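All remarks here apply to the structure that follows.
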Amino acid sequence: PARVSARLAESEVDAAASAAGGVESNVEVRSGCNGRGLFFCGSGTLEGLVLRVPASGVLCVARSPSRRGHVARRLRASWRGAPLPPALEALAEEEGVRADVRLAAMLAWASNEPENGPLWAAYNGAAPSPEEHASALLLSDAELADFQDDAFAAEARARREAAEYDYDAHVAPLGVCDSREAFLYHLTNVQSRTFGQTVDGEEVGLVVPYADMMNHSLEPNCNFKLHASEGEAEPRFDIGTRGSKGGVPSGAEAFITYGDLGNRDLQLTYGFTVPGNPHGREDGLVGPVPLDRLRLGRLVGGAPDAEEGGRRAAAVRSLTADGEQANQVSDDGSEQQQAQAASAAVARCTRLLGSFPTDAAQDEAALARGEGSERLLSAVRYRLERKRVVAAALDLARRYQETFHEEAQRPAWASFGQFGAGGPAGAPGGFGGGSFGG
């Protein structure tokens with residue numbers, strides 16, 4: 001079954017970590033605005049080590065075991081629980097199987113094997129239940145429709161189909177996971193909770209119980225590191241405070257970053273949306289002639305708060321091009337082309353906002369009522385944030401459009417007066433007329 005134990009109380013999860021040999025912890029499990037997470041405990045402030053888990057208590061695979069694989073093999077050899085089944089060890093070394101699939105098979109075994117110790121016995125009870133997950137692999141077609149995003153739904157279906165194939169082809173024959181649904185649950189936990197690091201030139205993926213309860217923030221206060229280089233006396237996984245002068249206060253949540261990901265990627269893989277996320281972009285708003293990023297960026301200032309500032313940053317990304325195309329805008333995009341591009345961007349934003357089955361006000365009201373499953377509420381948060389980013393893009397496109405009307409109405413001398421080129425005597429601004437005029 002996907003669940004081997006009931007949802008554990010927070011104190012029970014902490015007790016399991018305390019009972020696991022070698023775990024050093026200055027955090028405890030609590031519930032906050034991001035769900036369950038790890039919070040600094042004790043008195044005063046903390047600076048330095050937050051959490052340490054011996055490497056002998058983690059699951060590890062190499063992304064490309066045939067090229068290197070020695071770090072992952074060394075860590076698996078130090079595993080202090082029940083012996084890893086030979087077929088599972090063989091799968092861990094299988095180059096043709098994705099690393100997350102190999103880890104999910106190992107997690108299904110580790111969290112269901114009593115001899116692996118208290119921390120692994122508590123793993124499924126500490127993790128979110130299948131019903132609490134709102135990431136791609138566990139969503140039904142009806143639930144995907146609630147997100148109001150066809151691209152999101154298509155990617156989620158593709159991921160689920162690939163995962164079901166991997167289960168049938170690689171995991172089911174091992175007998176460590178007795179249903180597709182159970183495997184999808186374990187794979188979801190792997191994809192949303194795995195740490196990645198490069199050690200001695202080898203890229204490895206890790207499942208670290210207890211440590212993997214840390215939540216994501218755009219402003220993290222912690223870093224993680226696997227100490228497992230050749231010759232390391234005590235291989236271990238450490239989490240420490242990050243750039244916190246004077247330490248982090250007791251009671252604050254410990255955060256890491258999952259990377260500079262947009263909300264679509266965060267929702268697909270991790271099951272949540274970040275309000276005001278500056279790293280995303282809305283598809284379909286860039287036309288054949290993108291808006292000039294430098295010129296558009298000058299209109300972004302003055303956001304009332306950080307969330308709105310993040311939405312404006314995402315809106316700029318949505319309206320402009322990347323890479324070589326962005327470099328060509330200033331050269332190839334004439335004033336007339338940019339004015340036409342701004343009008344087209346306004347039209348695209350307006351059409352997209354009008355295409356959603358619900359509007360922002362309806363979504364806000366649904367969240368205020370708080371009715372429905374966690375998956376439904378997660379879908380509403382996701383689609384509402386999309387609408388807010390598109391609305392920010394519409395506002396920027398309109399203001400961008402207005403700059404061309406303003407320039408068209410400006411007197412001809414106004415464009416040159418500041419450089420002393422022929423403005424009428426007494427013209428305002430710069431060096432025109434007056435002492436330096438001709």
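It should be emphasised that the depicted structure is a prediction, and the values quoted were computed from it without experimental measurement. Index from 1, following the sequence.
- The stretch residues 31-41 participates, sequence neighbours left out, in no salt bridge (charged side-chain N to carboxylate O under 4.0 Å, His left out) pair at all.
- When the shell of 6.0 Å around CG of Asn223 is examined, it contains more than 12 heavy atoms from other residues, nucleotides or ligands.
- Remark: Ala9 engages Ser11, Glu12 in a side-chain contact (heavy atoms from CB on, under 4.5 Å) (not counting sequence neighbours).
- Heavy atoms of other residues, nucleotides or ligands lying less than 6.0 angstrom from CZ of Arg381 number more than 12.
- Contact annotation: the side chain of Ser135 never approaches that of Leu268 to less than 4.5 Å [non-hydrogen atoms, C-beta and beyond].
- At least one side-chain heavy atom of Arg193 sits less than 4.5 Å from a side-chain heavy atom of Pro128.
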Full working for side chain to side chain contact (heavy atoms under 4.5 Å, CB included) between Lys387 and Gln148 = CA-CA 10 Å; Lys387 291 162 192 170; Gln148 301 180 1; 3.0 Å; yes
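- A cation-pi arrangement, defined by a distance under 6.0 Å to the six-membered ring centre and an angle within 45 degrees of its axis, is absent between Arg52 and Phe224.
- Salt bridge absent: Glu385 and Arg264 never bring a charged side-chain N and a carboxylate O closer than 4.0 Å.
- For Arg293 (side chain) and Ala321 (main-chain N/O), a donor-acceptor pair under 3.5 Å exists by modelled atom type.
- Not a single donor-acceptor pair under 3.5 Å links the side chain of Arg159 to the backbone N or O of Ala136.
- Glu47 and Thr241 share no side-chain donor-acceptor pair at under 3.5 Å.
- A donor-acceptor pair is defined here as one N or O able to donate and one able to accept, closer than 3.5 Å; no such pair exists between the side chain of Trp109 and the backbone of Ala104.
- Between the side chain of Ser334 and the backbone N or O of Gln337 there is at least one donor-acceptor pair closer than 3.5 Å.
- Using a distance-only test at 3.5 Å, with no hydrogens or angles considered, a donor-acceptor pair links the side chain of Gln362 to the main chain of Asp359.
- Residues Val171 and Val101 have side chains in contact (heavy-atom distance under 4.5 Å, counting atoms from C-beta outward).
- Geometrically, Lys225 does not engage Phe237 in a cation-pi contact, judged by NZ or CZ lying under 6.0 Å from the ring centre and within 45° of the ring axis.
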So Met213 and Val29, side chain to side chain contact (heavy atoms under 4.5 Å, CB included) or not? Walk me through it.
-> CA-CA 8 Å; Met213 299 185 72; Val29 180; 3.8 Å; yes
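- Within the 4.5 Å cutoff, the side chain of Phe40 has heavy atoms near those of the Cys222 side chain.
- Using modelled atom types, one side-chain atom of Gln267 and one backbone atom of Ala134 make a donor-acceptor pair closer than 3.5 Å.
- Ring geometry for His133 against Tyr185 counts as perpendicular: the plane angle is over 60°, on a 0 to 90° scale with 30° as the lower cut.
- The list of salt bridge (charged side-chain N to carboxylate O under 4.0 Å, His left out) pairs with a residue in residues 133-148, not counting sequence neighbours, reads Asp141-Arg157, Glu143-Arg375.
- Using a cut-off of 4.0 Å between Lys/Arg side-chain N and Asp/Glu carboxylate O, Arg399 and Glu402 are scored as not salt-bridged.
- Under 3.5 Å, the side chains of Asp200 and Ser229 contain a donor-acceptor pair of N or O atoms.
- Applying the salt bridge (charged side-chain N to carboxylate O under 4.0 Å, His left out) test to every pair with at least one member in residues 341-356, sequence neighbours left out, gives no pairs at all.
- A distance of 5.0 Å separates CG in Leu261 from CG in Leu266, rounded to the nearest 0.5 Å.
- When each of Val389, Val286, Leu319, Val316 is checked for a side-chain contact (heavy atoms from CB on, under 4.5 Å) with Arg281, only Val286 meets the rule.
- Inter-residue side-chain proximity for Glu93 and Arg76 is flagged as met; some heavy-atom pair is nearer than 4.5 Å.
- Closest of all the heavy-atom pairs between Ala62 and Ala72 is N-CB, 3.5 Å.
- A side-chain donor-acceptor contact under 3.5 Å links Asn221 to the backbone of Phe255.
- Side chains of Phe183 and Leu137 form no contact here, defined as non-hydrogen atoms less than 4.5 Å apart.
- With hydrogens and angles left out, the side-chain atoms of Tyr123 and Asp212 include a donor and acceptor closer than 3.5 Å.
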Checking salt bridge (charged side-chain N to carboxylate O under 4.0 Å, His left out) for the pair Arg160/Glu155: CA distance, chi angles, key distance, verdict?
-> CA-CA 9 Å; Arg160 184 181 179 103; Glu155 176 64 20; over 6 Å; no
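- Of all the heavy atoms in Pro209 and Gly57, the pair that sits closest is CD-O, 3.7 Å.
- Across every non-hydrogen atom of Val176 and Ala105, the tightest pair is CG2-O, 3.8 Å.
- When all heavy atoms of Val190 and Asp100 are compared, the pair lying nearest together is CG1-O, 3.7 Å.
- To the nearest 0.5 Å, atom CG of residue Leu51 and atom CD1 of residue Ile239 are 5.0 Å apart.
- Residues passing the salt bridge (charged side-chain N to carboxylate O under 4.0 Å, His left out) test with Arg298: none are found, sequence neighbours excluded.
- In this structure Glu28 satisfies the salt bridge (charged side-chain N to carboxylate O under 4.0 Å, His left out) test together with Arg30, sequence neighbours excluded.
- Atom-to-atom distance recorded for Leu299:CG and Thr403:OG1 is 6.5 Å, nearest 0.5 angstrom.
- Taking the six-membered ring where the residue is Trp, Tyr165 and His170 present perpendicular rings, their angle passing 60° and hence far from 30°.
- Between Thr320 and Asp292 the shortest heavy-atom distance is CG2-C, 4.3 Å.
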Take Leu218 and His279 through the side chain to side chain contact (heavy atoms under 4.5 Å, CB included) test and state the conclusion after the steps.
-> CA-CA 10 Å; Leu218 296 175; His279 301 300; 3.9 Å; yes
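- The distance from atom CD of Glu131 to atom OG of Ser373, rounded to the nearest 0.5 Å, is 10.0 Å.
- The closest donor-acceptor contact from the side chain of Tyr210 to the backbone of Leu119 lies at 3.5 Å or more, if one exists at all.
- Ring pair Tyr270/Phe272 is tilted by interplanar angle, where 30° to 60° counts as tilted.
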Just do the side chain to side chain contact (heavy atoms under 4.5 Å, CB included) check on Glu282 and Arg317 with the steps written out, would you?
-> CA-CA 8 Å; Glu282 188 59 43; Arg317 289 170 57 86; over 6 Å; no
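- In plain terms, the two heavy atoms of Val61 and Arg102 that are nearest each other are CB-NH1, 3.8 Å.
- One side chain, Glu132 or Ser129, offers a donor N or O that lies under 3.5 Å from an acceptor on the other.
- The OH atom of Tyr258 lies 11.5 Å from the OG1 atom of Thr269; values are rounded to the nearest 0.5 Å.
- Of the possible donor and acceptor atoms, none in the side chain of Ser378 sits under 3.5 Å from a partner among the backbone N and O of Glu374.
- Judged purely by atom type and a 3.5 angstrom limit, Asn277 has no side-chain atom pairing as donor or acceptor with the backbone of Gly310.
- Ion pairing between a basic and an acidic side chain is recognised when a charged N comes within 4.0 Å of a carboxylate O; Asp149 and Arg383 show no such pairing.
- Here CG of Leu291 is found 10.0 Å from CD of Gln401. Values are rounded to the nearest 0.5 Å.
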